[in-house]
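The structure appears below as structure tokens.
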Amino acid sequence: MGKLSFNLKDKVFVVTGGSRGIGFEITRMLLDQQARVAICSRKQEGLDAAVAELAAGGDLVAVPAHVARAEDVDALFDHILEVFGRVDGLINNVGMNLVTGLVDADPGLWAKIIDSNLNGTYLCSRKAGQIMRQQKSGKIVSISSLAGRRSAPFMGIYGVAKAGIEMMTKVMAQELAAFDIQVNAVAPGMVRTKFSEPFWSNNDIYEQIIKTIPLGRIAEPADVAWTVLFLCSEASNYITGQTLMVDGGASAI
């Protein structure tokens, strides 16, 4: 069997939060498919480490940016257009959560979590959508979460933000369909990354978690990345406005 190909050669993708975790795996796979990739993160040292590890030469650029700041997003996409000349796909991967209840949360904490997850996704999607509309083609894929559909203690603000991303996906899919732009989301359950390590690294907690997952394990970053690549490829040209669950069957229970 030959190497699986998504026909992404020379396509230009932007991966927010591409220096680690799911974003890093998506970036690695896109580069394996001979795509050209721009990654962003708030921390320069994380970007430098990712660039060194991926060793992709001119096919990879790294730009420090805070996606919740419109001026940073504008500068990010302006730089990408200067380097690569176009944007064929955007993967909204930046996200963060701080464990808190909704009722007792400080308003500043609410703003921080909503900014990182929802506002950042909006600002990047808005900018990418404007560019893709001129090109009359493109793919936007946002990382949502099972938490956006299933309420969980101390995950409330994060869940609200992810639910907002899924509605944004539907609205933008309708607005951009006439320009041959597909807008979709991927909603993982728990994934084995640093983000969720406090849960899966504790064996007792892990055993409780996998009892709720029919496939009997949490996801690896590659499980999510493969789904993202499918949605970035021509194989998904007739899919838009959808959120694909990548949760091992957890939402089927």
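Although no hydrogens or angles enter the test, the distance criterion places no donor-acceptor pair under 3.5 Å between the side chain of Ser196 and the main chain of Met190. Side-chain atoms of Ser41 never come within 3.5 Å of backbone atoms of Leu47 as a donor-acceptor pair (strictly under, hydrogens ignored). Of the possible polar contacts, one joining the Arg36 side chain to the Asp10 backbone as a donor-acceptor pair under 3.5 Å is found. A donor-acceptor contact shorter than 3.5 Å is absent between the side chain of Trp226 and the backbone of Ile26. Using a distance-only test at 3.5 Å, with no hydrogens or angles considered, no donor-acceptor pair links the side chain of Ser116 to the main chain of Ile113. With Thr16 contributing its side chain and Val94 its backbone, the two residues share a donor-acceptor pair below 3.5 Å.
Within the 4.5 Å cutoff, the side chain of Leu123 has no heavy atoms near those of the Asp74 side chain. In this structure, Ile131 and Leu81 have side chains that are in contact, with non-hydrogen atoms separated by less than 4.5 Å. Inter-residue side-chain proximity for Val14 and Phe77 is flagged as met; some heavy-atom pair is nearer than 4.5 Å. Lys9 has its side chain out of reach of Gln33: every pair of non-hydrogen atoms, C-beta onward, lies at least 4.5 Å apart. Taking 4.5 Å as the limit, some side-chain heavy atom of Asn184 sits within range of a side-chain heavy atom of Ile239. Within the 4.5 Å cutoff, side-chain heavy atoms of Cys232 are placed close to those of Val141. Counting only heavy atoms from C-beta outward, the side chains of Ile39 and Val63 never approach each other to under 4.5 Å.
In this structure, Glu166 pairs ionically with Arg149, as a charged nitrogen and a carboxylate oxygen lie closer than 4.0 Å. A salt bridge links Asp223 to Arg217: one of the charged nitrogens lies within less than 4.0 Å of a carboxylate oxygen.
Connection of Met167 to Tyr122 is not established within any shared hydrophobic cluster, with ILVMFWY side chains joined at heavy-atom distances below 4.5 Å, either directly or through further cluster members. Cluster annotation: Met96 and Leu146 are assigned to distinct hydrophobic clusters (Ile/Leu/Val/Met/Phe/Trp/Tyr, side-chain heavy-atom contacts under 4.5 Å, transitive). In the hydrophobic clustering of this structure, Met245 does not group with Tyr158; members are Ile, Leu, Val, Met, Phe, Trp, Tyr whose side-chain heavy atoms approach within less than 4.5 Å, directly or through other members.
Side-chain atoms of Ser142 and Asn92 include a donor-acceptor pair closer than 3.5 Å. Between the side chains of Asp204 and Gln208, not a single donor N or O lies within less than 3.5 Å of an accepting N or O. Using a 3.5 Å distance cut-off with no hydrogens or angles, the side chains of Gln182 and Asp180 do pair a donor with an acceptor.
Heavy atoms from other residues, nucleotides or ligands lying under 6.0 Å from NZ of Lys11 number 12 at most.
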In sequence, state the C-alpha distance, the side-chain angles, and the governing distance for Lys139 and Asp88, and then conclude on salt bridge (charged side-chain N to carboxylate O under 4.0 Å, His left out). CA-CA 6 Å; Lys139 304 277 189 177; Asp88 297 296; over 6 Å; no
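For Asp106 against Gly108, the heavy-atom pair with the smallest separation is OD2-N, 2.7 Å. Nearest heavy atoms, Met29 versus Ala222: CE-CB, 3.6 Å.
The only member of Val171, Leu231, Leu90, Thr169 that meets side-chain contact (heavy atoms from CB on, under 4.5 Å) when paired with Val183 is Thr169.
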